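Since the structure is predicted, the reported quantities are computational estimates derived from the model, not experimental observations. Throughout, a chain's letter reflects where its sequence line sits, starting with A, and its residues are numbered from 1.
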There are 2 protein chains.
Amino acid sequence: MERPRIRDYFQQDLSQNETITHKQRAILQASLDLFAEKGFDQTSTSDIAQRAGVAEGTVYRRYKTKATLRDAILAPIAAHIVPILASDFSEDALRQRYPSLQAFVTAIFTDRVAFAKANVKELKVIFEMVAFDAERREQILSQIAPKMVKQMGSVINQLKADHLIVDWPNDLILQSLLSQLFGYLARLMLELPGTEIEREQAYLITVMTKILTPGEHDQITGQ
Amino acid sequence: MERPRIRDYFQQDLSQNETITHKQRAILQASLDLFAEKGFDQTSTSDIAQRAGVAEGTVYRRYKTKATLRDAILAPIAAHIVPILASDFSEDALRQRYPSLQAFVTAIFTDRVAFAKANVKELKVIFEMVAFDAERREQILSQIAPKMVKQMGSVINQLKADHLIVDWPNDLILQSLLSQLFGYLARLMLELPGTEIEREQAYLITVMTKILTPGEHDQITGQ
DNA sequence: TCAAAGCGAGTGTATACTCACTCACTTAAT
DNA sequence: ATTAAGTGAGTGAGTATACACTCGCTTTGA
C-alpha cells in the first residue's frame with residue numbers, strides 16, 4: 001500500500017489557505033532539492049532563485065527569511081509525522097493482540113520504511129537541522145519520545161505476557177528497533193552502496209524478528 | 001593480545017607534531033568544540049578566536065584557511081582509522097580462529113565502541129562534512145569498504161565453516177553489524193536519552209550475538 | 001637582537017534581505 | 001464596448017552586514 005509523499009501534500013496543504021502559484025511551487029521544490037544536495041548553509045537564496053527559474057525577490061515575496069522557507073518545506077512532515085509514528089498503535093490496534101512476533105515487526109516497519117523511502121530529502125534536511133540544534137532536538141524529542149515509549153511499551157508488554165518476545169527490558173528492545181531503523185536511514189540518506197534497497201524491508205523484518213524471538217541465551221552479557 | 005588505546009594515539013599525535021604552542025592547541029580545541037556544537041558553517045573564525053582566547057590573526061598564523069583548520073583536526077583520525085577498522089583482522093588475527101561467536105562480536109565491537117566514545121566530536125565533524133559532499137564520501141568509502149568487506153568476509157566464512165554463525169549472506173551480516181553501530185553512533189552524537197551509555201557495549205554485544213547465532217528460523221522472509 | 005608568535009584594525013566579497021517599479025490581469029464605471 | 005482604476009505576483013538592482021582572510025605592527029623569549 002502506497003503512502004503519500006510529503007511533496008504531494010504541498011499543494012493540498014498550502015492551497016487550503018492561499019492558492020500557491022506555479023513559481024512558488026518551483027521555489028519550494030528547488031529549496032528542498034538544494035538543501036538535501038548541498039545542505040542548508042551551503043545553499044544561497046540566489047541558488048534557489050536560479051534553480052527555480054525565478055527572481056530572488058520572488059523568493060522573499062512569500063517567505064520572509066530563508067529559515068521560514070525551510071520551515072515551510074518541513075511543515076507538512078511535521079503535520080503528518082505524528083500520526084505515522086503512532087499508527088498501528090492507536091487504541092483500535094492495541095485492542096487486537098498481535099498473533100505473532102513477525103506480525104508485530106512487520107506492522108512496525110512496513111509503513112515507516114515506506115515513509116522514509118518516500119521522504120528521504122525531507123529527512124535529510126530535518127536531520128541536518130536537528131543535528132546541530134540541541135534545543136530544537138529536545139523539543140521534538142519531548143513531543144514524540146514519551147508517546148512512542150508508552151505506546152510501544154504497552155504492545156511489548158502484551159507480547160511479553162504471551163511469551164512471544166524476548167524478555168529484555170523494554171528500553172533495550174526499543175533501542176534495537178531504532179538502531180536498525182537508523183542504520184537503514186543512514187544508508188538511504190547517504191546513498192551508501194549495499195544490497196538493493198528493495199530487499200531492505202525483508203531484511204529488516206528478518207533481522208528484527210530474530211532479535212526479538214525469545215530464546216535460551218538471552219541474558220545480557222555485561223561485565 | 002593487548003591493543004593500544006586510541007586515546008594514547010591521540011596524546012602522542014598532537015604533541016609529537018612539531019612543537020605546538022599553548023595557544024595553537026587552544027585553537028584546535030575551540031574549533032573542535034564549536035564545529036561539533038554548532039556545525040562548521042555556523043562557526044565563524046571570530047567565534048573560534050574568542051573561544052580560544054586568542055586574536056583572529058593568530059588563527060590564521062598556522063592555518064591558511066578555515067577548511068585547513070578542520071582538516072588539521074581530522075588528520076589524527078584519518079591517520080589512525082584504517083588500522084583501527086582493520087585491527088583484529090590482520091594476518092595474525094585471521095590465523096587464530098575465533099573460538100565462539102561471542103568472542104568474534106566482542107572483538108569487533110570492543111575497541112570500535114571505545115574509539116567512537118573517545119572521539120564523538122570528531123565523528124560528528126566528519127559526519128557533517130561527509131553528509132553533503134558525495135564526492136568525498138565516495139572517496140572515503142572506496143578506500144575503506146573493500147578492505148572491510150574482504151577482511152570481515154574471510155572471518156565470517158571461517159565462522160560459517162565452523163557452524164558458529166547464522167547462514168545469511170555476508171552482506172546482510174555486515175549490514176546488521178553496521179546498523180547496530182550506526183544506531184549507537186547516532187545516540188552518541190545526538191546525545192539521545194536512553195540507557196546509560198556505559199551499558200551500551202554489553203547491549204551491543206548481546207544483541208549482535210543473538211542476531212548472528214545460527215538457529216532454525218533463519219530464512220529471510222521476503223514479501 | 002632577532003625571529004617567531006601574537007595581534008586587531010582593515011579589506012574585499014558573498015549573501016540575506018529590501019524596495020521602488022513593472023505588467024498582466026480583474027473589476028467597475030461610463 | 002471602452003477605458004480607467006486597482007491589484008498583487010514578479011522583478012532585479014541595490015543595501016547592509018557578516019565573515020573569511022590580510023598585513024603592518026607589537027610582544028615575547030631565547
Side-chain angles (χ1 to χ4, degrees), chain A residues 10-75 125 128-129 132-133 136, chain B residues 14-75 125 128-129 132-133 136:
Chain A
F10 274 167
Q11 168 130 41
Q12 299 167 24
D13 260 347
L14 293 178
S15 62
Q16 272 174 3
N17 297 336
E18 298 138 63
T19 46
I20 185 169
T21 66
H22 177 70
K23 297 213 168 187
Q24 293 296 334
R25 171 84 48 86
I27 288 169
L28 285 175
Q29 189 62 53
S31 303
L32 175 59
D33 291 346
L34 286 167
F35 290 163
E37 275 171 35
K38 319 196 309 182
F40 181 78
D41 289 316
Q42 282 299 322
T43 301
S44 73
T45 48
S46 84
D47 283 344
I48 294 170
Q50 204 172 332
R51 173 81 66 103
V54 142
E56 208 172 334
T58 310
V59 174
Y60 284 91
R61 171 142 299 269
R62 186 170 295 251
Y63 307 103
K64 260 180 88 87
T65 67
K66 197 179 156 194
T68 308
L69 180 52
R70 179 183 55 193
D71 294 345
I73 288 175
L74 297 183
V125 178
E128 186 197 13
M129 185 177 70
F132 293 99
D133 186 339
R136 201 182 290 240
Chain B
L14 283 182
S15 54
Q16 112 194 150
N17 271 353
E18 297 290 315
T19 44
I20 189 168
T21 66
H22 183 257
K23 297 213 168 186
Q24 293 296 334
R25 172 84 48 96
I27 288 169
L28 283 176
Q29 190 62 52
S31 303
L32 176 59
D33 291 346
L34 287 168
F35 290 164
E37 275 171 34
K38 319 196 309 182
F40 181 77
D41 288 317
Q42 282 300 321
T43 301
S44 72
T45 48
S46 84
D47 283 343
I48 294 170
Q50 203 172 334
R51 173 80 66 102
V54 142
E56 210 173 331
T58 309
V59 174
Y60 283 91
R61 171 143 300 269
R62 186 167 296 246
Y63 306 103
K64 262 179 89 87
T65 68
K66 197 180 159 194
T68 307
L69 181 52
R70 178 181 56 193
D71 293 345
I73 288 174
L74 297 183
V125 177
E128 185 198 13
M129 186 177 68
F132 293 99
D133 186 339
R136 200 182 291 241

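- Rounding to whole angstrom units, NZ of residue B:Lys64 and C1' of D:dC23 are separated by 14 Å.
- Stacking of A:Arg70 on the aromatic ring of A:Phe40 is recorded, both the 6.0 Å distance cut-off and the 45° axial limit being met.
- Computed from coordinates, the B:Asp41 CG to C:dA14 P distance equals 16 Å when rounded to whole Å.
- Taking every side-chain heavy atom of B:Glu56 into account, D:dC21 is the closest of D:dT11, C:dC7, D:dC21.
- Here C:dA20 presents its P atom at 13 Å from CZ of A:Arg61, a figure rounded to the nearest Å.
- Salt bridge status for B:Asp133 with A:Lys38: absent, with no side-chain N to carboxylate O gap under 4.0 Å.
- Using a 4.0 Å heavy-atom criterion, one finds that B:Val54 contacts the sugar-phosphate atoms exclusively.
- In terms of phosphate contacts, A:Thr21 brings no side-chain nitrogen or oxygen within less than 4.0 Å of OP1 or OP2 of D:dA9.
- Residue B:Ser44 is classed as a sugar-phosphate contact, given heavy-atom separations below 4.0 Å to backbone atoms only.
- Nearest to the side-chain atoms of B:Thr65 among the listed nucleotides C:dG6, D:dC21, D:dG12 stands D:dC21.
- Per the geometry, CG belonging to B:Asp47 stands 14 Å off P belonging to D:dC21, to the nearest Å.
- Contact annotation: B:Ser46 does not reach the phosphate of D:dA18 (side-chain N/O to OP1 or OP2, under 4.0 Å).
- At the heavy-atom level, B:Thr43 lies under 4.0 Å from the strands shown only through sugar-phosphate atoms.
- In this structure, B:Ile20 places its CD1 atom 11 Å from P of C:dA5, rounding to the nearest Å.
- Atom NZ in A:Lys66 sits roughly 15 Å away from atom P in C:dT18 (whole-Å rounding).
- The only option from A:Glu56, A:Gln50, A:Lys66 that meets the side-chain hydrogen bond (donor to acceptor under 3.5 Å, both in side chains) definition with A:Thr45 turns out to be A:Glu56.
- Distance from the side chain of A:Tyr60 is smallest to C:dT18 among D:dC21, C:dT18, D:dT11.
- A:Ser31 places a side-chain N or O within donor-acceptor distance of the main-chain N or O of A:Ile27, the cut-off being under 3.5 Å.
- For the OP1/OP2 pair of D:dT11 and a distance below 4.0 Å, the side-chain nitrogens and oxygens of A:Thr58 include at least one atom meeting the criterion.
- A:Arg51 and A:Glu37 are joined by a salt bridge, as a carboxylate oxygen and a charged side-chain nitrogen come within less than 4.0 angstrom of each other.
- What separates NZ of B:Lys23 from P of D:dG29 is a distance of 10 Å, to the nearest Å.
- Atom CZ in B:Arg70 sits roughly 14 Å away from atom C1' in D:dA20 (whole-Å rounding).
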